[in-house]
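Atoms within a ligand are numbered from 1 in the order they appear, just like the ligands themselves.
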Amino acid sequence: MGAQKLIHNVNRLEGLLNIPGDKSISHRSVMFGAIANGTTTVSNFLKGEDCLSTIRCFRELGVEIEETDYTITIHGRGWDHLREPINLLNVGNSGTTIRLMLGLLAGRTFHSTFIGDDSIAKRPMRRVINPLREMGARIDGRSNGEYTPLSLRGGGLKSITYQMPVASAQVKSALLFAGLQAEGKTKIIESAKTRDHTERMIRHFGGDIYIDDLSIIVEGSQRLFGRHVDVPGDISSAAFFLVAGAVVPESHITLNRVGLNPTRKGIVEVLEKMGANINISSYNEESFEPVGDIIIQTSNLKGTVIEGELIPRLIDEIPIIALLATQAEGQTIIRDAEELKVKETNRIDTVVKELSKLGADIVATKDGMIINGPTKLHGSKVSSHGDHRIGMMLAIASLICEEPVELENAEAVAVSYPEFFSDLSQLIK
Ligand code: S3P
């Protein structure tokens, strides 16, 4: 069993935080840096376990990557200098690493094998592998390629037109990496708009991409060039403190330089819709990703409905939104979120199970959950189930529980936010 933490309630939260770098953008900065020609420097890189897995995999492919505190330097030498790995590519807990790298390596003629942890072994991969096979990559693995270990031999890709059956930025990004290496133009049609960091980065690294609403076209045989990437703070990490600031009495928190990409900021829209006392200042969209400071204060909240196109724009924030809803007046309904079942854990089950232990009025539905509030939460023994976002949600819940909460497997937070507990303690007054 992992680390246990006893967390007590607090009187108020106050202060200012610099939120660590965005996980999705940090992964992509290594990937684009590796396939580009020339040096890429990345500042505010997220040194969470997931992004370190991406670095480890690219080192196995012969890419030179230097690390200093929060900056990394990638010495890219173009697609053709990636070399056949001698060792297994171990992605740890990271779905983004494996799914995006499958697309990236689908155009390389060498052999590679991916493995990961127990959670990765349960996550569906055919959503990426089916279209990559259609493009010509040879991929095999457990259950006809649905699960790890997965072996890949790529090369000779032809372009396709692909209507995506699920709204997934990981699938879209894998196909964009493959499309950049394929013969001709690859067209991807999304079922709903998902995070567009890969599209933005193709442009940032000097590539061409055409976007028309849900359709994306990328041409093959593109050369990319090393660039500087300044990673914004991760809005998915900021979300825990946004909710904490809204629900803990007499709180006032400022979060600096958070990424405010429209495809990611569903959490801000939900907080506004629920009546939260939230403000954005210093908004700036001069860089390839928009950023701003977010100020949150204790709020009177009301229930809401979260569904449809909003879901992909806040998919990773649903666990912490469920906690927020327990403190809102009335009912909150979350639907169209079946994708939660195939995240690091089945997040419909783990959220409902763990928040119920703390006294929340919450039930699971086939594609989401229904929460009635407000409820007073009480102490209990809870577990992250090894899922970083469940661990952080439960830690924030503990701040408003009447008795102390014993959180098992608290160390899981290091996947996306190694400094989470020290940042939280800075705010406790
Ligand atoms: C991510 C996409 C999302 C998200 C994950 C990161 C990305 O996954 O949940 O945490 O960086 O592209 P899906 O594409 O499976 O929805």
Side-chain angles (χ1 to χ4, degrees), residues 20-32 45-46 48-51 53-54 91-104 116 119-120 122-132 146 162 164-178 188 190-202 216 229 231-232 234-240 259 261 263-267 289 309-321 336-348 350-351 367 387-393 412-413 415-417:
D22 186 278
K23 180 155 84 72
S24 293
I25 298 173
S26 295
H27 280 299
R28 286 159 173 81
S29 68
V30 178
M31 297 177 185
F32 278 96
F45 181 81
L46 173 66
E49 285 168 7
D50 269 11
C51 299
S53 293
T54 294
V91 304
N93 190 244
S94 178
T96 305
T97 307
I98 188 166
R99 296 206 178 105
L100 270 59
M101 285 190 74
L102 281 164
L104 195 148
S119 158
I120 278 291
K122 293 188 200 130
R123 300 187 67 185
M125 295 296 153
R126 261 199 314 245
R127 52 178 59 197
V128 192
I129 282 160
N130 286 345
L132 291 176
E146 181 68 321
Y162 192 67
M164 290 183 33
V166 281
S168 163
Q170 293 178 353
V171 175
K172 172 178 66 174
S173 302
L175 298 181
L176 287 172
F177 277 120
I188 303 161
E190 292 197 87
S191 58
K193 191 83 188 154
T194 63
R195 63 193 68 194
D196 64 357
H197 306 303
T198 307
E199 295 92 306
R200 286 171 186 259
M201 241 187 230
I202 288 175
I216 305 162
V229 176
V231 182
D234 195 328
I235 191 163
S236 298
S237 299
F240 297 100
N261 181 315
T263 62
R264 290 287 297 282
K265 69 182 197 22
I267 175 72
E289 290 277 353
E309 65 81 34
L310 186 54
I311 296 292
R313 298 193 293 116
L314 47 65
I315 188 73
D316 292 340
E317 287 65 77
I318 291 178
I320 193 67
I321 289 173
D336 303 324
E338 224 168 347
E339 274 295 297
L340 290 175
K341 295 182 183 169
V342 291
K343 294 295 175 189
E344 286 82 334
T345 56
N346 176 334
R347 285 186 178 158
I348 297 181
T350 46
V351 166
D367 61 352
D387 182 333
H388 55 131
R389 300 202 197 279
I390 301 294
M392 289 186 274
M393 180 275 282
V413 306
V415 159
S416 63
Y417 199 160

Exercise for review: For atom 4 (C) of ligand 1, find the nearest protein heavy atom and state the residue, atom name and distance (0.1 Å precision).
Suggested key: Asp316 OD2, 3.3 Å
Practice item. Using modelled atom types only, decide if a donor and an acceptor are shared between the side chain of Asp196 and the backbone of Glu199 within a distance under 3.5 Å. Key: no
Exercise for review: From atom 7 (C) of ligand 1, work out which of Arg99, His197, Arg28, Lys23 has a heavy atom at the shortest distance.
Suggested key: Arg28
Check your understanding: By number and element, which atoms of ligand 1 are closer than 4.0 Å to a non-hydrogen atom of Ser24?
Key -> 6 (C), 7 (C), 11 (O)
Review point. Any donor-acceptor pair under 3.5 Å linking the side chain of Asp367 with the backbone of Asp336?
Key: yes
Check your understanding: Charged N to carboxylate O under 4.0 angstrom, Asp316 versus Arg195?
Key -> yes
Check your understanding: For Arg264 and Ser236, what are the C-alpha separation, side-chain angles and deciding distance, and is it a side-chain hydrogen bond (donor to acceptor under 3.5 Å, both in side chains)?
Key -> CA-CA 8 Å; Arg264 290 287 297 282; Ser236 298; 2.9 Å; yes
Review point. Among all protein non-hydrogen atoms, which one is nearest to atom 14 (O) of ligand 1, and what is the separation to 0.1 Å?
Key: Ser168 OG, 2.7 Å
Point to revise | Heteroatom proximity flag, Val171 to ligand 1, N/O under 3.5 Å | key: no
**Study point:** Atom indices of ligand 1, in the order listed, that fall short of 4.0 Å to a heavy atom of Thr96
**Key:** 1 (C), 6 (C), 7 (C), 11 (O)
Check your understanding: So is Lys343 close enough to ligand 1, meaning a heavy atom under 4.0 angstrom away?
Key -> yes
Review point. How far is atom 1 (C) of ligand 1 from its nearest protein heavy atom, and which residue and atom is that?
Key: Gln170 NE2, 3.6 Å
**Study point:** Closest heavy-atom pair and its distance - Asp234, Gly21
**Key:** CB-O, 3.6 Å
Practice item. Check whether any side-chain N or O of Lys193 sits under 3.5 Å from a backbone N or O of Arg313 as a donor-acceptor pair, and report yes or no. Key: no
